[in-house]
Amino acid sequence: MTEEKSLNFLEEIVENDLKSGKYKSIITRFPPEPNGYLHMGHAKSICLNFGLALKYGGKTNLRFDDTNPVTEETEYVDSIKGDIQWLGFQWAEELYASDYFEKLFEFANVLIKKGLAYVDDSTSEEIALQKGTPTKAGTESPFRNRSIEENLELFASMRAGKYKDGEKVLRAKIDMGHINMHMRDPIMYRIKHAHHHRTGNAWCIYPMYDFAHGQSDAIENITHSICTLEFIPHRELYDWFINNLEIYPSHQYEFARLNLTYTVMSKRKLLQLVNEGHVSGWDDPRMPTLSGVRRRGYTPESIRDFCERIGVAKRENLIDVGLLEFCVREHLNKIALRRMVVFDPVKVTLTNYPEGKSEMLPGEDNPEDPAAASRDIPFSRELYIEAEDFMEVAPKKYFRLAPGQMVRLKSAYIIKCDEVVKDADGKIRELRCSYVPESKSGSDTSGIQVKGTIHWVSVAHAVKITTRMYDRLFKVEDLGSAEGDFKDYLNPDSLQVMDNVYAEPAIRSAGTTDRYQFLRKGYFTLDPDAKGDTLIFNRTVTLRDMWAKETKKH
RNA sequence: UGUCCGAUGGUGUAACUGGCAACACGCCUGAUUUUGAUUCAGGAAAGUCCAGGUUCGAGCCCUGGUCGGACAACCA
């Protein structure tokens with residue numbers, strides 16, 4: 001019958017909650033802080049949160065966790081929204097933690113009135129000292145036992161702007177000896193006289209993550225608040241606030257974040273790459289940001305497929321980027337238009353093809369797609385072929401062009417190399433070949449069997465383009481366990497620009513959302529940056545190259 | 001010296017809750033192929049961190065270890 005795919009542990013939780021009647025439907029949320037661009041790690045979280053709601057008939061809110069005005073910007077809000085939509089998801093509501101500032105302020109007052117929060121005049125150093133260590137209990141602040149009235153008044157004064165940054169904080173009154181460090185009177189509010197991207201200067205006190213997140217979940221009736229492993233110790237505090245405030249009991253669940261080989265997945269470090277100019281921006285095609293991989297030509301479908309394949313669990317993982325590349329290739333193979341492009345041209349003259357003559361030969365746009373169209377490719381006496389598709393002294397198993405050897409020109413004729421013409425310095429200037437007129441593609445009556453097929457462009461008709469070939473930005477496989485500054489692992493050859501590249505004329509109609517397979521060279525997409533007449537293509541991913549593997553073996 | 005989380009082929013994820021460890025990527029072999037791609041067929045690869053225990057039977061349960069990760073920002 002229908003083969004049931006096994007559920008991941010979150011789907012199991014949701015399914016059980018639905019089955020037991022705990023919830024009629026679920027609400028999840030994706031809660032980015034607008035202090036950077038979204039990356040592949042976020043893609044996993046997005047696919048999880050939105051995917052769960054989609055699968056079980058619930059909804060997902062987009063909530064910006066904008067509680068720290070000094071790092072957050074509207075630019076980031078906009079890019080985040082665009083990236084989520086590009087990935088193919090639509091949120092139910094667009095919300096902001098800052099929408100809840102007034103409500104959060106009330107919540108804080110509730111706790112003060114319950115004797116569960118107090119204003120502390122200690123400095124941040126003193127508070128850090130009071131915290132103790134994981135193995136040693138903390139000590140109580142001298143301000144811990146202020147009266148409720150005094151706390152109420154002080155907290156109101158904090159909001160009113162009577163104090164400077166750092167002068168006072170509001171703390172939860174829990175237990176300085178608690179085994180969980182996060183429960184040792186955590187800070188709820190701090191003073192920051194800073195401009196907030198949405199509330200402007202309306203506030204000078206801002207809630208900490210712990211005092212904002214759970215309550216925001218509660219306000220939105222989030223049933224499943226899904227975050228990464230490092231928040232596990234926060235869960236106890238999350239529940240403490242919700243319990244003492246007696247608000248909607250949202251629950252937090254944790255999963256292991258995505259790690260990719262050769263890939264930095266920390267917003268802080270990605271920002272550093274941008275700021276220090278190691279890359280051209282957040283959308284540099286070498287960046288693991290969604291805007292970067294999009295510009296590079298990755299498709300949202302392939303990223304969603306990837307997120308599906310890697311699964312979800314609670315153990316640390318390091319996923320081979322090869323899997324991501326596989327997903328990209330698999331999708332691109334189905335949709336990319338095949339085009340002939342010569343990267344390192346060598347001229348071929350067909351001595352028996354009439355001078356001045358040219359003909360149009362049809363070529364399939366995509367043999368994988370029966371619905372795909374075909375385009376006409378101009379053919380003439382003078383052609384360019386790929387330098388690597390010719391070898392003067394060829395090994396036995398080399399199927400391409402060599403002196404005296406025959407090869408098929410894709411969608412055209414079989415040719416034979418008769419003569420190699422060289423410069424004075426020994427460099428190959430031209431290959432003089434003859435073509436077999438009866439071997440025309442589609443109507444071959446020559447009976448000749450050739451092992452190899454190569455691509456070509458007609459010199460007279462070719463379009464010059466520029467290509468950007470990308471290699472990994474980092475040289476170290478597991479950057480998480482690497483020592484020292486990441487600058488030590490930057491790959492100086494991560495970008496190679498080639499501007500002596502010739503393409504068949506059909507490439508002129510390229511658009512930035514089109515995907516191409518440049519035969520044997522990989523998948524490419526037009527860069528949106530291309531100005532004027534220059535067509536710049538980014539290489540999305542290479543093709544698997546069995547020949548390279550073969551030659552490496554010997 | 002603490003608390004919490006975790007441990008299954010090279011990588012990642014499964015295993016109907018106690019019944020011969022499966023799927024995908026990668027790797028190897030062969031076939032097809034107008035691009036050494038794609039496609040297709042087959043194969044190698046873990047006996048489930050270790051030691052005990054319960055049981056007819058343990059990756060799943062119990063006990064004790066080992067290893068890895070997280071936790072002491074007025075960051076999220």
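What's counted below: heavy atoms across the whole structure, side chains too, no hydrogens, waters or symmetry copies. Chain letters run A, B, ... following the sequence lines, proteins first, then strands; residues in each count from 1.
Out of B/A76, B/C27, B/A37, the shortest distance to the side chain of A/Lys549 is found at B/C27. In this structure, of B/C25, B/G36, B/A72, it is B/A72 that holds the atom nearest to the side chain of A/Met181. Across B/C27, B/C5, B/A70, the shortest atom-to-atom separation from the side chain of A/Lys314 is found for B/C5. Of the candidates B/G36, B/A70, B/A72, the closest approach to any side-chain atom of A/Pro233 belongs to B/A70. With B/C74, B/C25, B/G12 as the candidates, the nucleotide lying closest to the side chain of A/Ile310 is B/G12. Distances were taken from every side-chain heavy atom of A/Asp545 (C-beta onward) to each of B/A76, B/G12, B/G36; the shortest belongs to B/G36. When distances are taken from the side chain of A/Phe326 to each of B/C25, B/G36, B/G12, the shortest belongs to B/C25. Out of B/C75, B/C74, B/C71, the shortest distance to the side chain of A/Pro134 is found at B/C71. Considering only the side chain of A/Thr135, B/G2 comes nearest among B/G36, B/G2, B/U34.
The shortest distance between the side-chain N/O atoms of A/Arg544 and the OP1/OP2 oxygens of B/U38 is below 4.0 Å. Applying the 4.0 Å criterion to OP1 and OP2 of B/C75, one finds that A/Lys192 has a side-chain N or O inside that range. Considering only side-chain N and O atoms, A/Ser124 lies nowhere under 4.0 angstrom from the phosphate OP1 or OP2 of B/A73. Look at A/Arg190 and you'll find a side-chain N or O under 4.0 angstrom from OP1 or OP2 of B/C75. An OP1 or OP2 oxygen of B/U34 is reached within less than 4.0 angstrom by no side-chain nitrogen or oxygen of A/Arg400.
Residue A/Glu12 is in base contact, counting any heavy-atom pair closer than 4.0 Å across all strands shown. A/Gly442 comes within 4.0 angstrom of a base, heavy atoms only. Within the 4.0 angstrom heavy-atom criterion, no nucleotide atom of any strand lies near A/His213. If you check every strand for non-hydrogen atoms under 4.0 Å, A/Ile454 touches a base. Using a 4.0 Å heavy-atom cutoff across all strands shown, A/Tyr206 reaches no nucleic acid atom at all. Across all strands shown, A/Lys410 has heavy atoms under 4.0 Å from base atoms, whether or not it also approaches the sugar-phosphate. Residue A/Arg309 is in sugar-phosphate contact alone, with no base atom involved, counting any heavy-atom pair closer than 4.0 Å across all strands shown. At the heavy-atom level, A/Tyr398 lies under 4.0 Å from base atoms of the strands shown. The residue A/Gly166 sits close to a base: some heavy atom pair falls under 4.0 Å. Counting non-hydrogen atoms under 4.0 angstrom, A/Arg315 reaches a base of the nucleic acid. As judged by a 4.0 angstrom heavy-atom cut-off over every strand, A/Asn180 is placed among residues making no nucleic acid contact. Within the nucleic acid shown, A/Phe399 comes within 4.0 Å of at least one base atom, counting heavy atoms only.
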Self-check item: Derivation and outcome, ring-ring contact (aromatic ring centres under 6.0 Å, His included), residues A/Tyr96 and A/Phe64
Solution: CA-CA 5 Å; A/Tyr96 296 78; A/Phe64 290 96; 5.0 Å; yes
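Atom OH of A/Tyr238 is separated from atom C1' of B/C71 by 19 Å (rounded to the nearest Å). B/A72 atom P lies 16 Å from atom CG of A/Asp185, rounded to whole Å.
Aromatic ring centres of A/Phe399 and A/Trp547 lie farther apart than the 6.0 Å criterion allows. Ring-centre distance between A/Phe537 and A/Phe518: below the 6.0 Å cut-off. When ring centroids are compared, A/Phe306 and A/Phe326 stay outside the 6.0 Å threshold. Taking the six-membered ring for Trp and the full ring otherwise, A/Phe524 and A/Tyr516 have centroids separated by 6.0 Å or more.
B/G47 shows a glycosidic angle within 90° of 0 and is accordingly assigned syn.
Between B/C49 and B/G42, the distance separating the two C1' atoms is 33 Å to the nearest Å. B/G2 and B/A72: their C1' atoms are spaced 12 Å apart (whole Å). A gap of 15 Å separates the C1' atoms of B/G19 and B/C61, to the nearest Å.
If you find the closest nucleotide of RNA chain B to A/Pro367 and to A/Asp210, the one lying nearer the 5' end belongs to A/Pro367. Mapping A/Thr123 and A/Glu368 onto RNA chain B by nearest heavy atom places A/Glu368 closer to the 5' end of the strand.
Stacking of A/Tyr209 onto the six-membered ring of B/A76 is not present when judged by under 5.5 angstrom between centres and under 30° between planes.
In this structure, CG on A/Leu260 lies 10.5 Å from NE2 on A/His39, to the nearest 0.5 angstrom.
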